[in-house]
There are 2 protein chains.
Amino acid sequence: MEIIEQDKRKCPTHLSTGECKTRLLPVKDALDILSGKWKLQIILSLTFGKKRFKQIQREIPGLTPKMLSKELKDLEMNELASRHVYDTSPVTVEYELTTYGKTLKPLIGELHKWGSKHRKRIIGRK
Amino acid sequence: MEIIEQDKRKCPTHLSTGECKTRLLPVKDALDILSGKWKLQIILSLTFGKKRFKQIQREIPGLTPKMLSKELKDLEMNELASRHVYDTSPVTVEYELTTYGKTLKPLIGELHKWGSKHRKRIIGRK
DNA sequence: TATATCGGTATCTTTTTGGAAAGCGGTACC
DNA sequence: GGTACCGCTTTCCAAAAAGATACCGATATA
């Protein structure tokens, strides 16, 4: 999921390498951040404020600690969420969206708009 | 990949079922249409005009007929692309984005905008 | 007759992704 | 001493996505 890895993606031959990089890769970057089984729900959960690890897990049924841990690390690596450890007992760990992470909101909003129309169109057609 | 299947997705408990449906599912619908290894490249290829099957395949190195066939069917099912068969020999089959399919462009544009900034941010930080 | 093209399909294998279960160090509570 | 909670990690496994390869009927070309 690292951005460097993604540079290995091949480009269509009808696009010059440079064109492909600038046209395709950024879109894939954005998609990678949002797609996957849990990412969206975790981000959505964090838009309602700081959350502790177990708290997120409880809010999202079926989410295992392994997956949550992995997704939160992804979010951290991409500077979209931050992790704060408090020296209590038992230890308290809080996650929250960074200011930067909140810039995802309008993007998700656009996906939502398109997706809603699509949903109506496809469901309405049967 | 069918929209009906997606209704089986579970909702976070802190959202009522209705809220979850209207908040989350449409976003997932949009993401499903764009994510995957080849979708974006195929859509991009079609934004340059009608294309024949083999033509698309040649433009996108590594793309097997099985995957191309599957993705084109997906696009058709979602009314994003149309398929035209011409009675020539050998048979000619052309695919093109529908008018509706072209509504994806601004959405992809938004993903591109966010992704470009992200790319600069993450690459620039090393 | 042999070979190639088009638009695929069918079968099998590999890779990627996600899930289930257990466990760990630290603390707290009974 | 036993059990429970927090925030994870580890290991092993199943399901899903994608790749490799071969093949098909119809037609054209050498």
Side-chain angles (χ1 to χ4, degrees), chain A residues 1-6 8-10 12 28 31-43 45-46 50-77 81-96, chain B residues 1-6 8-10 12 28 31-43 45-46 50-77 81-96:
Chain A
M1 202 63 64
E2 270 194 74
I3 211 163
I4 295 307
E5 286 304 312
Q6 297 169 4
K8 291 177 190 160
R9 291 179 296 225
K10 285 174 194 158
K28 293 226 179 201
L31 286 173
D32 276 349
I33 279 173
L34 296 173
S35 63
K37 190 164 178 184
W38 303 109
K39 290 224 178 67
L40 216 53
Q41 288 181 74
I42 293 169
I43 291 169
S45 163
L46 290 179
K50 295 181 191 178
K51 295 277 169 70
R52 297 178 61 175
F53 189 92
K54 268 276 149 61
Q55 202 177 353
I56 302 173
Q57 209 195 320
R58 270 189 302 257
E59 280 180 4
I60 306 178
L63 177 54
T64 61
K66 174 186 154 189
M67 290 310 293
L68 178 53
S69 165
K70 190 208 138 219
E71 303 292 17
L72 288 171
K73 277 176 191 164
D74 266 21
L75 289 173
E76 257 198 281
M77 279 191 355
S82 56
R83 181 177 184 267
H84 307 278
V85 185
Y86 299 99
D87 193 11
T88 57
S89 61
V91 63
T92 302
V93 181
E94 278 183 350
Y95 294 88
E96 68 179 320
Chain B
M1 202 65 63
E2 269 195 75
I3 213 164
I4 296 308
E5 287 303 313
Q6 296 169 6
K8 291 176 190 161
R9 290 179 296 223
K10 284 175 192 156
K28 293 227 181 204
L31 285 173
D32 276 349
I33 280 172
L34 296 173
S35 62
K37 191 161 177 184
W38 302 108
K39 290 225 179 67
L40 215 52
Q41 288 181 73
I42 293 169
I43 292 170
S45 164
L46 291 178
K50 295 181 190 179
K51 295 277 169 70
R52 298 178 61 176
F53 190 91
K54 268 274 148 60
Q55 201 177 354
I56 302 174
Q57 208 195 323
R58 271 190 301 259
E59 280 181 3
I60 306 179
L63 177 54
T64 61
K66 174 185 155 192
M67 290 310 294
L68 177 54
S69 166
K70 190 207 137 220
E71 302 292 17
L72 287 171
K73 277 176 190 163
D74 266 21
L75 289 173
E76 257 197 281
M77 280 191 354
S82 56
R83 180 177 184 267
H84 308 280
V85 184
Y86 299 101
D87 193 13
T88 57
S89 61
V91 61
T92 302
V93 182
E94 278 183 349
Y95 294 89
E96 68 179 318

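Residue numbers begin at 1 in each chain, while the letters A, B, ... track the order of the sequences.
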Might you point out which heavy atoms bring [X] and [Y] nearest each other, and give the distance in Å?
X: A:Leu40; Y: B:Lys28; value: CD2-CG, 3.9 Å
X: B:Arg52; Y: B:Val91; value: NH2-O, 3.6 Å
X: A:Ser45; Y: A:Lys51; value: O-NZ, 2.7 Å
X: B:Leu34; Y: A:Leu31; value: O-CD1, 3.6 Å

I need the [atom1]-[atom2] distance between [X] and [N], as an integer number of Å.
X: B:Asp32; N: D:dA17; atom1: CG; atom2: P; result: 9 Å
X: A:Met67; N: C:dA20; atom1: CE; atom2: P; result: 11 Å
X: B:Lys54; N: C:dC6; atom1: NZ; atom2: P; result: 6 Å
X: A:Tyr95; N: D:dG7; atom1: OH; atom2: P; result: 8 Å
X: B:Leu68; N: D:dA20; atom1: CG; atom2: P; result: 15 Å
X: B:Gln57; N: C:dG7; atom1: CD; atom2: P; result: 10 Å
X: B:Lys39; N: D:dA18; atom1: NZ; atom2: P; result: 7 Å
X: B:Glu71; N: C:dG7; atom1: CD; atom2: P; result: 18 Å

Phosphate OP1/OP2 of [N] contacted by [X] side-chain N/O (<4.0 Å):
X: B:Arg52; N: C:dC6; value: no
X: B:Lys73; N: C:dT9; value: yes
X: B:Arg83; N: C:dG8; value: yes
X: B:Arg58; N: C:dC6; value: yes
X: A:Trp38; N: C:dG19; value: yes

Problem set entry | Check: B:Ser35 main-chain N/O paired with B:Lys39 side-chain donor or acceptor under 3.5 Å | yes
Short heteroatom pairs, N/O only, protein and nucleotides 21-27 of chain D, under 3.5 Å:
residue : atom : partner : partner atom : Å
D:dT27  : O3'  : B:Ser89 : OG           : 2.6

For this session: May I ask you to say what A:Lys37 touches in the nucleic acid, namely base, sugar-phosphate or nothing, with a heavy-atom cut-off under 4.0 Å?
Result: sugar-phosphate
Exercise. For A:Tyr86, which contact category applies under a 4.0 Å heavy-atom criterion: base, sugar-phosphate, or nothing?
Worked result: nothing
Problem set entry | Of the listed nucleotides C:dG7, C:dG19, D:dC8, the one nearest the side chain of B:Phe53 | C:dG7
Exercise. B:Ser69 has a side chain; which of C:dT9, D:dC8, D:dA18 sits nearest to it?
Worked result: C:dT9
Exercise. Taking for each residue the nucleotide of DNA chain C bearing the nearest heavy atom, is the 5' side occupied by A:Gly36 or by B:Glu94?
Worked result: B:Glu94
For this session: May I ask you to test the B:Asp74-B:Ile33 pair for a side-chain heavy-atom distance under 4.5 Å?
Result: no
Exercise. By side chain to side chain donor-acceptor pair (under 3.5 Å), which residues pair with A:Arg83, not counting sequence neighbours?
Worked result: A:Tyr95
Problem set entry | Set of side chain to side chain donor-acceptor pair (under 3.5 Å) partners for B:Ser82, sequence neighbours left out | B:His84
